[in-house]
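I have placed the structure first, in the form of structure tokens, so that the comments after it can refer back to it.
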Amino acid sequence: MIPWGLGIGVRLFHSSCSTGIDGTTLSHVDAQGSARMVDVIDKPVSERLAVAEAVVDLGEEAYIAVKDNQLKKGNVLDVAQIAGIHGAKLTSSLIPLCHNINLTHVNVKLELVDRSHCVRIVTSAQASAKTGVEMEALTAATVAALTVYDMCKAVSKRIVIREVRLLKKTGGQRSDYELML
């Protein structure tokens, strides 16, 4: 039986333990395979930064409506920006095992890409904390993308949200990470 909330990556792991076939461990799984919140009491506070992105393929008709600000619900890019910021602040309420983090900054940028009729969303989250802000940046990107979808769904049902991914992470005990594009 797969414990609730472990997601796709659980295939590498035995259902009864937290150590994978390849020797890696899941930090949110105890020795019995049960979900748990990671204890960060002994971790030092450090400056944390995470950058994430999402892409929303709108199709030509919806893209033109967004670009020309012709949607009945209002300015899609402005509303999605605020929604993304709000989403980052609510991450620990949405993702059960995330710590509540005092964010020091959240940025959400939405860019219209004419050649592919899409919106590229790039978000960042920052904090001085004992744990990372990757989930906050990813949640900001996802909520902004879902808001674009919601505001455009009356124009097209063929909207696709793709490439929700971490671009960069700095701070903490583990190595910094940057996706090479």
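The distance from atom CE of Met135 to atom OG1 of Thr142, rounded to the nearest 0.5 Å, is 8.0 Å. With rounding to the nearest 0.5 Å, the separation of CD1 in Ile95 from CG in Leu90 is 11.0 Å. In this structure, the separation between CG on Leu110 and CG on Asn75 is 9.5 Å, given to the nearest 0.5 Å. Rounding to the nearest 0.5 angstrom, the gap separating the OG1 atom in Thr91 from the NZ atom in Lys89 is 11.0 Å. Annotation: the span from Thr123 atom OG1 to Asn107 atom CG amounts to 8.5 Å, rounded to 0.5 Å. With rounding to the nearest 0.5 Å, the separation of CD in Glu53 from CD in Glu163 is 6.0 Å.
The two atoms that bring Ala54 and Ala141 nearest to each other are CB-O, 3.8 Å, heavy atoms only. In plain terms, the two heavy atoms of Leu71 and Met151 that are nearest each other are CD1-O, 3.8 Å. In terms of heavy atoms, Leu166 sits closest to Ala50 at CD1-CB, 4.1 Å. For the residue pair Ser156 and Ile159, the shortest heavy atom distance occurs at O-CD1, 3.5 Å. In plain terms, the two heavy atoms of Arg174 and Lys169 that are nearest each other are O-NZ, 3.8 Å. Scanning all heavy atoms of the two residues, the minimum distance from Ala144 to Ala80 falls at CB-O, 3.5 Å.
Within 6.0 Å of CD on Glu111 lie more than 12 heavy atoms contributed by other residues, nucleotides or ligands. Heavy atoms from other residues, nucleotides or ligands lying under 6.0 Å from NZ of Lys157 number more than 12. Within a 6.0 Å sphere centred on CG of Asn102, heavy atoms belonging to other residues, nucleotides or ligands number 12 at most. Surrounding NE2 of His86 are at most 12 heavy atoms belonging to other residues, nucleotides or ligands under 6.0 Å away.
At a cut-off of 3.5 Å, with distance as the only test, a side-chain donor of Glu47 or Ser128 sits close to an acceptor on the other residue.
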Practice item. Please lay out, stage by stage, how Val106 and Leu103 fare under the test side chain to side chain contact (heavy atoms under 4.5 Å, CB included). Key: CA-CA 7 Å; Val106 175; Leu103 295 169; 3.6 Å; yes
Practice item. Show the numbers, then the answer: is there a side chain to side chain contact (heavy atoms under 4.5 Å, CB included) between Val108 and Ile82? Key: CA-CA 8 Å; Val108 177; Ile82 298 300; over 6 Å; no
Point to revise | Val66/Leu58 under side chain to side chain contact (heavy atoms under 4.5 Å, CB included): CA gap, chis, key distance, verdict | key: CA-CA 9 Å; Val66 171; Leu58 293 173; 3.9 Å; yes
Practice item. Apply side chain to side chain contact (heavy atoms under 4.5 Å, CB included) to Lys73 and Asp150, showing your working. Key: CA-CA 9 Å; Lys73 289 188 174 186; Asp150 176 56; 3.3 Å; yes
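In the hydrophobic cluster analysis, where Ile, Leu, Val, Met, Phe, Trp and Tyr join through side-chain heavy atoms closer than 4.5 angstrom, Val55 is grouped apart from Val164. Cluster membership check: Ile161 shares its hydrophobic cluster with Val155, using side-chain heavy-atom separations under 4.5 Å among Ile, Leu, Val, Met, Phe, Trp and Tyr. Ile121 and Ile85 fall within the same hydrophobic cluster, where Ile, Leu, Val, Met, Phe, Trp and Tyr residues are linked whenever their side-chain heavy atoms come under 4.5 Å apart, directly or through other members. With hydrophobic clusters built from ILVMFWY side chains whose heavy atoms lie under 4.5 angstrom apart, Tyr149 shares a cluster with Tyr63. At a threshold of 4.5 Å between side-chain heavy atoms, the hydrophobic network of Ile, Leu, Val, Met, Phe, Trp and Tyr places Val76 and Val56 in one connected group.
The closest side-chain heavy-atom distance from Gln126 to Val133 is not below 4.5 Å. Looking at heavy atoms from C-beta onward, Glu136 lies out of side-chain contact with Ser92 at the 4.5 angstrom threshold. Contact check for Gln81 versus Val79: no side-chain heavy atoms found under the 4.5 Å cut-off.
Between Asp57 and Arg158 there is no salt bridge, since no side-chain nitrogen of the basic residue lies less than 4.0 Å from a carboxylate oxygen of the acidic one.
Scanning for side-chain contact (heavy atoms from CB on, under 4.5 Å) contacts around Lys168 gives Leu49, Val51, Thr170, Glu178, with sequence neighbours left out.
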